[in-house]
**Q** 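The structure that follows is given in the form of structure tokens.
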Amino acid sequence: MSIRPLLRTRAALVLVLAALLAACGGGGTVPYPGVQPRALDPSFATRKAVAYSPYRTSVAPGSTPAETVTTSEIAQDLNLLVQGGFGLIRLFDCQTDASQPAGGSAEMILQTIQANNLDLKVQLGIYLQHGNEAYNQAQIARAIQLANTYSSIVLAVSVGNENMVSWSFNPIDPATMAGYITKVRSAVTQPVTADDNWLFYSGTDSKNPNVVLDTLDFVSIHSYPMTDTVTSPGSWNWQQTGVAAPQRAAAMMNAAIAWAQTNYATVRSYLDSNGYKRLPMTIGETGWKALATDAETQRASPINQAMYYQGLSNWSASTALPSKPVAIFYFEAFDEPWKGSDDGWGLFNANRQARCVVQALYPSSLSAGGDCATADALYYVPASGNPTITASRYTVLANTPVAGEARPTEAIAWTGFNSPATAFAGSTNTTSPPGDPGNSEQITPAPQNAAPMFGWGMIAYLPTTSDDLSNFLGTGSLNFSIKSTYPGKIQVGFLTGSTTANTAVQAYIVLDPSTAQYGYVNDGNWHAVSIPISAIAANATPAYGQPASATLNLAQVTQPFTVADLYATTGKTSGSPGYGSTTTFYVDDIYWSK
């Protein structure tokens with residue numbers, strides 16, 4: 001694991017969550033602040049809800065040329081949803097391009113509902129961009145116009161999407177968001193919310209939610225137990241190794257539902273204890289992947305997806321308010337290939353074929369096929385060691401395949417050091433190096449400046465196994481491309497062994513951009529970096545909390561790439577350039593070679 005163990009302090013977490021759950025539902029004594037909430041339409045509580053976006057191809061929205069979304073495609077989608085009993089859809093933006101009307105696909109969707117008299121209601125979305133005020137004001141203006149023009153269809157408006165949680169890749173300051181919400185709310189009659197990850201609204205994130213809560217009519221949270229198994233693997237026990245196989249699959253999915261319920265209860269408790277008891281809650285996004293498109297092996301499948309959906313339905317049907325959300329918007333209706341590693345959530349695939357979760361609602365001709373028996377659900381199986389990699393290239397991250405290369409035994413996952421995480425990563429198509437066009441990994445530091453963690457770190461790791469890279473020690477190199485203006489020195493390297501076995505050893509080397517060391521320069525352009533494995537290995541030390549007996553073992557590489565800035569090592573002190581920096585940078589084309 002990393003210099004700070006990825007496995008969270010579970011005992012402390014359990015105690016905190018238990019206290020929060022015990023408090024859930026209790027009335028606060030704080031006078032009610034903020035606006036007088038507008039009531040949610042009763043159909044929020046009775047209609048099946050789902051997130052919907054019409055894009056079908058791998059072309060990202062806003063690209064040139066853009067995907068042209070047609071009215072007939074939208075009509076096909078909406079009729080499928082109505083046929084399956086869905087009556088409430090969440091839209092994400094009012095974005096426009098040259099191929100679409102002024103309201104973008106949102107207006108086309110609303111027009112189609114109205115023209116065909118479809119029994120569908122809408123929560124309209126407003127997409128916001130960090131640092132682009134002209135764009136944000138245009139989105140707001142279009143959303144206000146659409147909400148008023150289609151007031152019989154639009155039941156609520158959501159401002160922004162995951163902009164305020166501390167790890168957001170598209171951050172909007174809560175006070176700025178409150179201003180946007182107030183502007184929208186003053187110009188529409190519908191209730192208004194701001195969709196964000198549950199952590200932001202829980203009172204446990206680094207940002208205080210109250211300035212936003214004061215402007216809302218209801219709270220809409222996002223809860224993704226599956227994503228947490230990758231980005232915060234100690235947050236809940238997804239492996240359920242204490243349960244024998246194959247019953248482990250059901251235990252895993254029950255635990256996933258329990259974690260979503262805990263997310264909800266944590267926020268509900270915060271609202272009730274801080275004067276916001278009258279604010280109702282929805283879950284604006286939650287889901288389970290049918291396909292492992294990132295690092296979700298041994299859990300992402302159409303059967304597991306169906307089990308998660310059924311668990312949500314059981315929660316909603318068997319629990320009374322306020323111990324459940326008013327509505328749960330399932331994410332999402334259809335796969336969106338343009339999302340790359342974040343694809344695979346759809347109830348339907350991109351070809352509009354129904355997966356296990358909804359197959360019973362449609363004719364067999366619309367089925368995506370496959371075995372949907374619960375007995376065939378995936379479950380965690382601890383991995384054993386893997387054979388030695390003999391290829392001359394071991395590719396951690398690259399879009400373009402190279403003949404003869406080896407890839408990691410399982411999909412690489414990214415997560416930050418420590419808890420809460422000190423850095424966040426996400427695939428982006430905004431920039432990529434000349435030699436490997438396509439997506440790159442965007443890394444945003446979120447440094448901690450208090451004991452025991454001073455600085456930040458990001459790791460690319462194998463979630464359940466390790467790879468034998470011992471053949472790279474003698475003449476091998478660690479190579480990557482980086483685009484950065486991050487101030488001062490950084491560290492890169494890898495880690496072998498595991499903290500659970502007390503064998504974790506870190507090997508990092510400091511790169512100084514002022515000397516273009518190993519090719520690293522932080523001038524905002526792409527640069528190729530190549531470092532001898534032997535030079536990195538020379539700095540090997542037991543990872544944080546590991547015994548002195550732990551030794552470097554390239555036959556068991558669990559983190560083949562790490563980038564960090566631990567201030568004690570890079571020489572940063574309070575007030576010096578780079579100390580506390582959150583400057584975003586990009587990495588790509590990461591590979592070991594010999």
Side-chain angles (χ1 to χ4, degrees), residues 35-54 69-96 100-127 138-161 180-195 215-220 279-285 316 325-334:
V35 300
Q36 178 64 36
R38 298 171 182 169
L40 281 173
D41 190 282
S43 60
F44 261 75
T46 59
R47 289 174 175 257
K48 286 202 305 184
V50 68
Y52 170 61
S53 182
V69 178
T70 68
T71 301
S72 61
E73 289 174 339
I74 289 174
Q76 178 194 12
D77 291 349
L78 298 184
N79 277 293
L80 281 173
L81 295 179
V82 171
Q83 184 180 351
F86 293 93
L88 180 61
I89 60 175
R90 179 187 167 205
L91 307 182
F92 291 86
D93 64 71
C94 299
Q95 192 166 338
T96 185
Q100 295 173 6
S105 62
E107 184 164 35
M108 297 173 70
I109 292 165
L110 293 168
Q111 288 173 341
T112 302
I113 293 172
Q114 185 179 73
N116 294 275
N117 197 28
L118 297 176
D119 186 18
L120 282 171
K121 301 298 182 182
V122 170
Q123 177 174 300
L124 189 63
I126 298 174
Y127 188 77
Q139 278 273 316
I140 289 170
R142 286 196 292 270
I144 290 171
Q145 182 262 321
L146 293 175
N148 290 326
T149 301
Y150 298 93
S151 58
S152 63
I153 299 172
V154 176
L155 299 186
V157 179
S158 180
V159 183
N161 188 68
Y180 291 147
I181 295 166
T182 299
K183 180 173 183 176
V184 172
R185 194 174 183 275
S186 68
V188 303
T189 59
Q190 295 92 337
V192 177
T193 191
D195 273 78
T215 67
L216 299 182
D217 296 298
F218 66 105
V219 173
S220 185
L279 283 182
M281 284 180 61
T282 65
I283 294 182
E285 287 184 29
S316 185
V326 177
I328 299 175
F329 287 84
Y330 194 81
F331 187 86
E332 61 183 332
F334 305 97

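Just so you know, residue 1 is the first one in the sequence shown, and it goes up from there.
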**Q** Could you please spell out the steps behind the side-chain contact (heavy atoms from CB on, under 4.5 Å) verdict for R185 and T215?
**A** CA-CA 8 Å; R185 194 174 183 275; T215 67; 5.9 Å; no
**Q** Excluding sequence neighbours, so at least two apart, what forms ring pair (Phe, Tyr, Trp, His ring centres under 6.0 Å) with Y330?
**A**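 Per chain and number, Y330 pairs via ring pair (Phe, Tyr, Trp, His ring centres under 6.0 Å) with Y309.
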**Q** For P191 and L40, which heavy atoms make the closest approach, and how far apart are they?
**A**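 The pair with the smallest heavy-atom distance is CG-CD2, 4.0 Å.
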**Q** At what distance, to the nearest 0.5 angstrom, does OG1 of T112 lie from CG of L118?
**A**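 Taking OG1 in T112 and CG in L118, the distance rounds to 8.0 Å.
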**Q** How many angstroms lie between atom CZ of F218 and atom OG of S158, to the nearest 0.5 angstrom?
**A**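 One gets 6.5 Å once the value is rounded to the nearest 0.5 Å.
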**Q** Which heavy atom of L81 sits nearest a heavy atom of A333, and at what distance?
**A**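 Heavy-atom minimum between the residues: CD2-CB, 4.0 Å.
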**Q** Give me the atom names and distance for the closest heavy-atom approach of L146 to A106.
**A**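 Smallest heavy-atom distance, with atoms named: CD1-CB, 4.2 Å.
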**Q** For the CG atom of N79 and the CG atom of L120, what is their distance to the nearest 0.5 Å?
**A**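 If I round to the nearest 0.5 Å, the distance is 8.5 Å.
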**Q** Once side chain to side chain contact (heavy atoms under 4.5 Å, CB included) is applied, do any residues pair with N148, and if so which ones, sequence neighbours excluded?
**A**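 Residues passing side chain to side chain contact (heavy atoms under 4.5 Å, CB included) with N148: I144, V188.
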**Q** Would you say R47's side chain and L88's backbone share a donor-acceptor pair under 3.5 angstrom?
**A**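 No, R47 side chain to L88 backbone: no donor-acceptor pair under 3.5 Å.
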**Q** Hey, what do you get for CZ (F334) to CD (Q76), rounding to the nearest 0.5 Å?
**A**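 Nearest 0.5 Å value for the CZ-CD distance: 7.5 Å.
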**Q** On a heavy-atom basis, which atom in D195 and which in G284 lie closest, and how many Å separate them?
**A**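 Looks like OD2-CA, 3.3 Å.
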**Q** Could you tell me which residues satisfy salt bridge (charged side-chain N to carboxylate O under 4.0 Å, His left out) with D77, sequence neighbours excluded, listed by chain and number?
**A**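 Scan of D77 (salt bridge (charged side-chain N to carboxylate O under 4.0 Å, His left out), adjacent residues dropped) gives R56, R352.
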**Q** How many angstroms lie between atom CD1 of I181 and atom CD1 of I126, to the nearest 0.5 angstrom?
**A**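 One gets 9.5 Å once the value is rounded to the nearest 0.5 Å.
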**Q** What are the two closest non-hydrogen atoms of C94 and G125, and how far apart are they?
**A**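 The answer is SG-O, 3.5 Å.
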**Q** Quick check for you: to the nearest 0.5 Å, what is the distance between Y127 atom OH and D93 atom CG?
**A**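 With rounding to 0.5 Å, OH (Y127) is 8.5 Å from CG (D93).
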**Q** Would you call L78 and Y52 a side-chain contact if the rule is heavy atoms closer than 4.5 Å?
**A**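 Yes. Closest side-chain heavy atoms under 4.5 Å.
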**Q** Might you point out which heavy atoms bring A49 and F329 nearest each other, and give the distance in Å?
**A**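 For A49 and F329, the tightest heavy-atom pair comes out as CB-CD2, 3.6 Å.
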**Q** Report the C-alpha separation of L124 and Q190 in whole Å, then their side-chain angles, then the decisive distance to 0.1 Å, and conclude whether the side-chain contact (heavy atoms from CB on, under 4.5 Å) test is met.
**A** CA-CA 10 Å; L124 189 63; Q190 295 92 337; over 6 Å; no
**Q** I would like to know whether V35 and D217 meet side-chain contact (heavy atoms from CB on, under 4.5 Å); could you show each step before the answer?
**A** CA-CA 8 Å; V35 300; D217 296 298; 4.3 Å; yes
**Q** Can R90 and E285 be counted as an ion pair, charged N to O under 4.0 angstrom?
**A**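 Yes, charged N to carboxylate O under 4.0 Å.
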**Q** Check V50, T282, I283 against I328 for a side-chain contact (heavy atoms from CB on, under 4.5 Å) and give me the one that passes.
**A**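 Only one of V50, T282, I283 forms a side-chain contact (heavy atoms from CB on, under 4.5 Å) with I328, namely I283.
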**Q** side-chain contact (heavy atoms from CB on, under 4.5 Å) for E107 and Y150? Distances and angles first, verdict last.
**A** CA-CA 9 Å; E107 184 164 35; Y150 298 93; 4.2 Å; yes
